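Remember, predicted model here, so these are calculated numbers, not experimental data. Just follow the structure's listing: the first ligand is 1, and inside any ligand the first atom is 1.
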Amino acid sequence: MTTDFHQVAKALSFETRAFIDGKYVNAASGKTFATVNPATGRELAQVASCADEDVDRAVSAARRAFEAGSWSRMAPRERKKILLKFADLIEANLGELALLETLDCGKPISDSNEVDLPDTIETLRWHAEAIDKLYDQMSPAPHNVVSMLVREPIGVVAGVIPWNFPLFMAAWKMAPALAGGNSLILKPAELTSLSLLRLAELAADAGIPDGVFNVVPGLGEEAGRAIGLHRGIDCVSFTGSGEVGRYFLQYSAESNMKRIVLECGGKSPAIVMPDVKDLAPVVENIATGILFCQGENCSAGSRLLVHRSIADKLLEQLKPVFAQWKVGDPLALDTRIGALIEQPHLQKVLGLIERGKAEGGKVTFGGKQALVESGGWFVEPTIVENVRNDMAIAREEIFGPVLSVIPFDSEEEAVRLANDTNYGLAASLYTEDLNTAHRIAKAIRAGTVSVNCYSEGDYAVPFGGYKESGFGGKDKGLAAHEQYTEQKAIWIQLG
Ligand code: NAD
């Protein structure tokens, strides 16, 4: 495999049209918008800008396919075969898709190659493999009654996707939604449409029938809003900011009460207890927790809660690890921190660092924009000490490689600080004591608590947030299938 990704990128052509009813088409209005490479600030392509009319066409096609039953009534084992073929085709085109991901969202090519794409493929395989092993239920009933509880596909599902993991987050939606027999409309974030548009062709090549898999690129307030308000959509599964998540609850209320599932932001703590003797693996995990994906990760461990007695020692060991996270050209294999998604986001991250300083925080590592000459939007890995949990830097989701350090003096204080946030997506905890691990894991109000590692668990583990981090259901694991199915009770009186 060549590693001259710049050379390969030059030869790439981009699919920029919507994919509706098995065909690539321009937006009905003919309008387009620019998608930009965050590492250079230069335009990559003009993408079809879909709005009401395009969403309408996608919904009609999706509904028609659903009613026709070519997918919705196909035997689960046959759907499984097609989805496994889809996964194989993605794997066969992994290099191209990974390159599209990196060019469009600025993340390191090694992440796209080794994390985003493999995880997308495995997510599809996991749900495909599950679907012919899921049984319905029967409820307790009188002897002359048969009472069945059956799960049916909900119908037309829309997945509204963020820009930080364009394919992987789409996989969390499309794998269980398609496996369950639904028709699907995906709307990529306007900043990162390219990989998902290319994927549509592979879905068709795998044998997913026309109308079952649609991709409508477009601006949030146009294509996204049209999806939210469309009466022909039965469920929207959204991943993105809490602000936009709330819009979807309103859209649903204003239209057909469609099911809304939200996966939103986080401000996750990493708690280090004083009994930890070997800090080397802990600092590696803390660094990965906040620096992976430039910190543009919903479950990023952005608040380091460390017992005061070991804080100095831990930070002394953490800084050399931060220094190993090279900020650089996303197309270089040794780059571990790529570009932030766009200029306004860079300004937001730098602004929050400045606010942290103004409120009494002390930047002890990084803190500045990097590689300014590239024209892209890079930030140094950053550590801010002297942070209090009531400061903006400790409360707002930064979505950048910025770690806030907050010392604590007791287990009770650690739990109180961990829970003192509007979010509840994830937390990690480091201790050598099993009792402490169980006690704190139970006390934290978050959807995922990882102990002695930074992790969201694997494909089999449901993922979703407490409080303002989530609403209405879970992604991943068998729990994800509940989002995309209705449960029907069938009560049969025997003669
Ligand atoms: P965003 O909320 O700005 O956008 C998400 C999607 O909503 C995009 O497709 C966008 O086009 C669309 N949208 C924007 N405005 C809209 C509107 N008015 N009406 C309808 N749709 C609209 O989020 P983002 O900036 O793309 O992603 C970052 C956010 O996603 C962060 O808050 C992050 O924590 C969250 N996230 C959460 C998870 C999770 O699983 N919990 C995973 C990844 C990202």
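Residues forming a ring-ring contact (aromatic ring centres under 6.0 Å, His included) with Phe238 (at least two apart in sequence, or on another chain): Phe248.
Within 6.0 Å of the CZ atom in Arg225, the count of heavy atoms belonging to other residues, nucleotides or ligands does not exceed 12. Summarising the local packing, NZ of Lys348 is surrounded by more than 12 heavy atoms from other residues, nucleotides or ligands at distances under 6.0 Å.
Regarding atom 32 (O) of ligand 1, its nearest protein heavy-atom neighbour is Glu397 OE1, 2.7 Å. For atom 10 (C) of ligand 1, the nearest protein heavy atom (residue, atom name, distance) is Glu190 OE1, 3.5 Å. The nearest heavy-atom contact from the protein to atom 7 (O) of ligand 1 is Phe238 CE1, 3.4 Å. The nearest protein atom to atom 27 (O) of ligand 1, hydrogens excluded, is given as Pro162 CB, 3.4 Å; this is a heavy-atom distance. If you check which protein heavy atom lies closest to atom 35 (C) of ligand 1, you get Gly240 O, 3.3 Å. Shortest contact from atom 44 (C) of ligand 1 to any protein heavy atom: Asn164 ND2, 3.2 Å. Scanning the protein for heavy atoms near atom 38 (C) of ligand 1, the closest one is Cys298 SG, 3.0 Å. Atom 26 (O) of ligand 1 has as its closest protein heavy atom Trp163 CD1, 2.8 Å.
For atom 16 (C) of ligand 1, the nearest non-hydrogen atom from the set Gly220, Gly266, Ser299 belongs to Gly220. With Ile161, Thr239, Asn297 as candidates, the residue nearest to atom 8 (C) of ligand 1 on a non-hydrogen basis is Ile161. For atom 18 (N) of ligand 1, the choice among Phe399, Tyr251, Phe168 with the nearest heavy atom turns out to be Tyr251.
Looking at Ser241 next to ligand 1, an N or O pair under 3.5 Å apart turns up. Here's the thing with Tyr247: none of its N/O atoms is less than 3.5 angstrom from an N/O atom of ligand 1. The N/O atoms of Trp172, backbone and side chain alike, include none that comes under 3.5 Å of an N/O atom in ligand 1.
Between Trp325 and Phe292, the ring center distance fails the sub-6.0 Å criterion. Note: Trp172 and His127 fail the aromatic proximity criterion, with ring centroids not under 6.0 Å apart.
Checking side-chain atoms of Asn182 against main-chain N and O of Gly155 turns up a donor-acceptor pair under 3.5 Å. A donor-acceptor distance shorter than 3.5 angstrom exists from the side chain of Arg79 to the backbone of Ala179, with no hydrogens or angles considered. Remark: the backbone N or O of Arg259 is not paired with any side-chain donor or acceptor of Asp234 at under 3.5 angstrom. The backbone N or O of Asp458 sits less than 3.5 Å from a side-chain atom of Lys476, completing a donor-acceptor pair.
Against a heavy-atom cut-off of under 4.0 Å, Phe248 is close to the following atoms of ligand 1: 20 (C), 21 (N). Set against the non-hydrogen atoms of Lys187, the atoms of ligand 1 under 4.0 Å away are 9 (O), 10 (C), 11 (O).
Glu359 and Lys357 are not joined by a salt bridge, as no carboxylate oxygen comes within less than 4.0 angstrom of a charged side-chain nitrogen.
For atom 21 (N) of ligand 1, the nearest protein heavy atom lies closer than 4.0 Å.
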